[in-house]
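Everything on this sheet refers to the single structure shown next.
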Amino acid sequence: EAEVAQSPRYKITEKSQAVAFWCDPISGHATLYWYRQILGQGPELLVQFQDESVVDDSQLPKDRFSAERLKGVDSTLKIQPAELGDSAMYLCASSLQYQETQYFGPGTRLLVL
Amino acid sequence: AQSVTQPDIHITVSEGASLELRCNYSYGATPYLFWYVQSPGQGLQLLLKYFSGDTLVQGIKGFEAEFKRSQSSFNLRKPSVHWSDAAEYFCAVGAMDSSYKLIFGSGTRLLVRP
């Protein structure tokens, strides 16, 4: 069964450092999503791609966060500089097309010290 | 604004007992509705979804959910809970805002007593 891959699974960093997360969606899935899940809450959308184009990044803190999906396949989410409040689970999801069922990866748990 | 409410933060049931997890949504149009399950430190696994048609939806692991438009609810049920069902359960609505996105509830943590 095809799955969304994410790495690393865990990341510990100090504030003001740069971190990057990688996501490889299910093969053939055109739409890719990055969500942030703070402990005890549901996930919230950060950014959404359709192929290589950003569809929605309205909730992405653009002063420190960036995301790219250069070839319309895998994607990288970067935080620079990291802040204590960025500690969370970062989830990647993909869907075959826009508005179709989203399938989630295992997530990257970030701890900022 | 679209929203999802899961009124129960924690629920504890005995193994073999029945389960119902509540979910209420606020959305102006016909919603797409989902239940996902998350084990500790893991990603979200899709249990079931409702797009249209039969309002009683069957999912994986013996779960089902019923869409009730008049009550704006999409409650999750299972007739007999197993210890391995202990996890966090999230209800979500697929909503059009600046784009199509999932709006999640805050989750219900299920504990199973042996």
Side-chain angles (χ1 to χ4, degrees), chain A residues 1-11 21 23-26 29-50 53-60 88-111, chain B residues 1-10 21-27 29-52 57 59-60 65 74 76 87-109:
Chain A
E1 181 178 309
E3 294 181 344
V4 177
Q6 289 188 249
S7 67
R9 293 293 309 278
Y10 305 93
K11 180 70 177 178
F21 313 133
C23 172
D24 191 13
I26 294 171
H29 280 200
T31 315
L32 185 148
Y33 311 79
W34 284 101
Y35 288 85
R36 178 170 59 186
Q37 183 182 21
I38 296 170
L39 193 63
Q41 299 181 19
E44 294 183 332
L45 182 70
L46 289 174
V47 61
Q48 180 183 153
F49 291 90
Q50 180 69 22
S53 301
V54 174
V55 173
D56 184 358
D57 63 357
S58 58
Q59 299 304 309
L60 190 70
M89 174 80 92
Y90 291 83
L91 294 161
C92 179
S94 70
S95 61
L96 189 60
Q97 283 296 341
Y98 193 63
Q99 291 190 277
E100 296 197 17
T101 301
Q102 297 180 28
Y103 297 92
F104 284 79
T108 296
R109 182 166 292 284
L110 172 67
L111 178 61
Chain B
Q2 305 93 340
S3 65
V4 176
T5 302
Q6 293 181 248
D8 303 306
I9 298 174
H10 296 101
L21 302 182
R22 295 183 292 166
C23 173
N24 292 96
Y25 66 89
S26 173
Y27 186 56
T30 301
Y32 293 171
L33 294 162
F34 306 84
W35 275 99
Y36 286 87
V37 61
Q38 186 177 36
S39 297
Q42 301 298 313
L44 277 72
Q45 181 183 22
L46 180 68
L47 284 176
L48 48 77
K49 60 187 178 184
Y50 172 79
F51 283 2
S52 64
V57 181
I60 63 171
F74 189 57
L76 182 71
E88 186 129 27
Y89 291 79
F90 291 95
C91 180
V93 61
M96 283 301 298
D97 188 359
S98 47
S99 67
Y100 174 79
K101 65 183 69 171
L102 292 182
I103 307 294
F104 285 88
S106 55
T108 297
R109 179 163 296 280

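Each chain gets a letter, A, B and so on, in the order the sequences are listed, and its residues count up from 1. FYI, side chains are in, hydrogens and waters are out, and symmetry mates aren't considered; it's all heavy atoms of this structure.
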Can you tell which part of B/Gln38 gets under 4.5 Å to a heavy atom of chain A, answering side chain, backbone, both or neither?
side chain
Would you mind checking which part of B/Leu46 comes under 4.5 Å of any heavy atom in chain A, side chain (CB onward), backbone (N, CA, C, O), both or neither?
side chain
Examine whether an atom of A/Gln102 lies under 4.5 Å from a heavy atom of chain B, and if so say whether it belongs to the side chain, the backbone or both; otherwise answer neither.
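It is both, since atoms from each part get that close.
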Hey, which of B/Gly41, B/Ala92, B/Gly105, B/Gly107 has the most heavy atom pairs under 4.5 Å with chain A?
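Counting heavy-atom pairs under 4.5 Å, the top option is B/Gly41.
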What option among [options] has the most heavy-atom pairs under 4.5 Å with chain B?
options	answer
A/Val4, A/Thr101, A/Leu45	A/Thr101
A/Pro43, A/Cys92, A/Ala93	A/Pro43
A/Gln48, A/Arg109, A/Gln59	A/Gln48

Spatial distance of atom [atom1] ([X]) from atom [atom2] ([Y]) [nearest 0.5 Å]:
X	Y	atom1	atom2	value
A/Arg9	B/Gln42	CZ	CD	5.0 Å
A/Gln50	B/Tyr100	CD	OH	13.0 Å
B/Ser99	A/Asp57	OG	CG	9.5 Å
A/Glu44	B/Lys101	CD	NZ	9.5 Å
B/Leu102	A/Tyr35	CG	OH	4.0 Å

Please name the pair of heavy atoms, one in B/Phe90 and one in A/Gln37, separated by the smallest distance, quoted to 0.1 Å.
CZ-NE2, 3.3 Å
Please say whether more than 12 non-hydrogen atoms of neighbouring residues, nucleotides or ligands are located less than 6.0 Å from CD1 in B/Ile9.
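Check fails, neighbour count at 12 or below.
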